[in-house]
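First the proteins, then the strands, lettered A, B, ... as listed; each starts at 1.
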Protein chains: 2
Amino acid sequence: MPRISVVDRRAELISAALRVVAAEGVAAATTRAIVAEAGMSLASFHYAFASRDAMMRELIEFVVEHETIAAFPSIDPGSDARSAFRSSLRGYLDGVRADPGREAVMFELMQYALRTPELAALPDEQYSRYRAAVTELLEGAAAALEVRWALPVDDVARMVVTITDGLTLAWLADRDDAAADRVIEFAADSLAALALPVTPPSPSTVPAPLSPPLKETAT
Amino acid sequence: MPRISVVDRRAELISAALRVVAAEGVAAATTRAIVAEAGMSLASFHYAFASRDAMMRELIEFVVEHETIAAFPSIDPGSDARSAFRSSLRGYLDGVRADPGREAVMFELMQYALRTPELAALPDEQYSRYRAAVTELLEGAAAALEVRWALPVDDVARMVVTITDGLTLAWLADRDDAAADRVIEFAADSLAALALPVTPPSPSTVPAPLSPPLKETAT
DNA sequence: GTCTATAAAGTGATAGAC
DNA sequence: GTCTATCACTTTATAGAC
């Protein structure tokens with residue numbers, strides 16, 4: 001009835017589809033289920049989208065663009081790298097626990113895209129964006145904690161994503177909070193080993209090296 | 001025609017279903033696609049299985065039971081823990097590269113099971129078996145490398161599975177071999193830190209402690 | 001633009017001949 | 001036991017009234 005615009009209708013359908021996928025999975029996200037969730041008629045779906053495939057494509061692009069990794073809380077300055085990683089990973093896992101469907105959507109849509117030839121390139125971009133989001137956090141953390149990364153920061157971000165993915169999958173499978181905490185302890189130790197202290201306010205105690213100390217990664 | 005037994009027919013259908021899922025995904029594994037792959041008629045499917053759901057259940061149970069993690073090569077004694085982990089992880093990733101569909105099946109079937117109420121408990125078991133397989137390798141490695149694990153061996157196995165899962169997902173998404181190698185380097189460093197040296201043939205140099213040295217994890 | 005009604009194709013499952 | 005033929009249902013997509 002309300003005669004809304006096509007772009008608004010598309011946005012509503014994408015949003016509804018996301019809710020259906022989160023709640024019941026990609027397989028359950030039929031056009032009928034989506035329009036029911038959105039409260040509109042089946043014909044409106046095909047007025048807004050040429051086909052279900054086209055809508056799935058936009059859904060995945062939307063998710064890749066807007067829904068990055070579940071909120072990592074920001075770094076608490078004054079702490080060391082180990083406890084910063086620990087609290088960040090705990091915060092991340094809390095986010096997964098609070099809405100398991102939301103994170104499962106990422107994996108499901110990634111698999112759907114990998115199985116769909118025209119969408120097969122999107123997971124690559126999805127992971128690039130994950131890493132970019134984590135990279136931003138890592139650079140902020142390096143400044144706040146007065147450390148520098150022993151590897152290129154994008155590589156450190158890749159390690160973080162590797163661990164969060166593995167952590168998430170295992171938790172989705174067994175919901176073992178205590179075991180996940182032990183993994184986080186290990187991960188925090190391992191990642192903190194990549195944070196090298198940089199003593200900033202006393203450049204006189206040690207003569208400045210003429211060659212860069214290691215691989216330099218700061219931006 | 002050949003009037004084969006029900007158990008054989010079930011096995012053939014499971015095998016055919018596995019191939020279809022590996023090649024085209026769970027969504028494409030319709031009863032018709034499976035019987036076409038198996039070279040039999042549609043009615044034979046329902047003679048062997050009460051329903052497609054029942055068949056999917058057996059398929060997942062079969063995978064959970066038989067297809068554990070892609071072959072980790074065995075540990076080379078004489079090397080240190082770091083290079084042992086590195087070569088094992090490389091061997092694992094080689095297995096994924098050689099047959100990406102095979103490993104993707106694990107993730108897809110896990111998600112399918114999580115979305116299916118009657119099968120929702122199977123992923124937990126799947127991960128238990130993963131860890132059990134890795135645990136066996138870790139115990140062999142500890143003996144061959146003359147180390148002991150700083151944590152309960154099942155926890156170490158969980159760390160390994162966390163990393164292999166994360167590694168596999170990222171590689172499936174971007175197929176970036178070089179980046180995967182860098183993750184493996186990091187993972188080998190991190191995991192090797194859990195291998196504590198135990199000096200075996202000189203029990204006289206240090207008086208035997210009356211209390212266990214730390215948490216003991218050997219079986 | 002939005003709806004109802006329906007077409008066209010695919011799905012799991014079964015009947016019944018052999 | 002195994003098959004062909006078919007049912008009952010769901011799916012995406014479209015036609016056509018308003």
Side-chain angles (χ1 to χ4, degrees), chain A residues 1-21 23-61 108-109 111-113 115-119, chain B residues 1-21 23-61 108-109 111-113 115-119:
Chain A
M1 295 280 203
R3 196 167 281 233
I4 63 182
S5 77
V6 180
V7 291
D8 286 350
R9 209 174 265 285
R10 284 194 181 205
E12 277 187 40
L13 283 166
I14 293 284
S15 166
L18 200 51
R19 291 194 298 274
V20 172
V21 171
E24 304 179 67
V26 171
T30 64
T31 54
R32 281 175 167 80
I34 293 165
V35 297
E37 172 71 27
M40 52 180 88
S41 77
L42 181 56
S44 297
F45 183 100
H46 285 97
Y47 182 79
F49 292 105
S51 69
R52 179 179 179 275
D53 278 1
M55 183 274 200
M56 287 296 294
R57 165 166 207 109
E58 286 208 19
L59 171 62
I60 292 176
E61 283 170 349
E108 282 197 72
L109 289 181
Q111 283 185 348
Y112 179 86
R115 292 294 191 186
T116 308
E118 318 94 63
L119 307 179
Chain B
M1 295 278 205
R3 196 164 282 233
I4 63 183
S5 77
V6 180
V7 289
D8 287 350
R9 208 174 267 286
R10 285 193 180 204
E12 277 188 41
L13 283 167
I14 293 283
S15 166
L18 199 51
R19 290 194 297 277
V20 172
V21 172
E24 304 179 68
V26 171
T30 64
T31 54
R32 282 174 169 81
I34 293 165
V35 297
E37 172 72 25
M40 53 180 86
S41 78
L42 181 57
S44 296
F45 182 100
H46 285 95
Y47 182 80
F49 291 105
S51 69
R52 179 180 178 274
D53 278 359
M55 184 275 199
M56 286 297 295
R57 166 165 205 108
E58 286 207 18
L59 171 61
I60 292 176
E61 283 171 349
E108 282 198 70
L109 289 181
Q111 282 184 348
Y112 178 86
R115 292 293 190 188
T116 309
E118 318 93 62
L119 306 180

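Atom CZ of R32(B) and atom P of dT6(D) are 14 Å apart (whole Å). The CZ-C1' distance, from R52(B) to dT10(D), rounds to 14 Å in whole Å. When rounded to the nearest whole Å, the span between CD1 of I34(B) and P of dA13(C) equals 11 Å. Atom OH of Y47(A) and atom C1' of dA15(D) are 16 Å apart (whole Å). Going from atom CG of D53(B) over to atom P of dT11(C) covers 15 Å, rounded to whole Å. Atom CG in L42(B) sits about 11 Å away from atom C1' in dC3(D), given to the nearest Å. Between the C1' atom of dT14(C) and the CZ atom of F45(B) lies a distance of 14 Å, rounded to the nearest Å. Here dA13(C) presents its C1' atom at 15 Å from CE of M55(B), a figure rounded to the nearest Å.
Within the 4.0 Å cut-off from OP1 or OP2 of dC3(C), at least one side-chain nitrogen or oxygen of S41(A) is found. Taking side-chain N and O atoms only, R9(B) has a distance below 4.0 Å to OP1 or OP2 of dT2(D). Residue R3(B) places none of its side-chain N or O atoms closer than 4.0 Å to OP1 or OP2 of dT2(D). Regarding contacts with the backbone of dT14(D), every side-chain N or O of H46(A) stays at 4.0 angstrom or more from both OP1 and OP2. Under 4.0 angstrom from either OP1 or OP2 of dT11(C) there lies no side-chain N or O belonging to T31(B).
Residue F49(A) is tested with M56(A), M55(A), R57(A) for a side-chain contact (heavy atoms from CB on, under 4.5 Å); the sole match is M55(A). When each of E24(A), E37(A), E12(A) is tested with R19(A) by the rule salt bridge (charged side-chain N to carboxylate O under 4.0 Å, His left out), just one qualifies, namely E37(A).
Residue S51(B) has its side chain nearest to dA13(C) when only dA13(D), dT4(D), dA13(C) are considered. Closest approach to the I4(A) side chain among dC3(D), dT2(C), dT11(D) is made by dT2(C) (side chain taken as heavy atoms from C-beta onward).
Note: S15(B) OG to I34(B) CD1 = 11.0 Å, rounded to the nearest 0.5 Å. For the atom pair R10(B) CZ and I4(B) CD1, the distance stands at 12.5 Å (nearest 0.5 Å).
The two residues A29(B) and V21(B) make their nearest non-hydrogen contact at CB-CG2, 3.7 Å.
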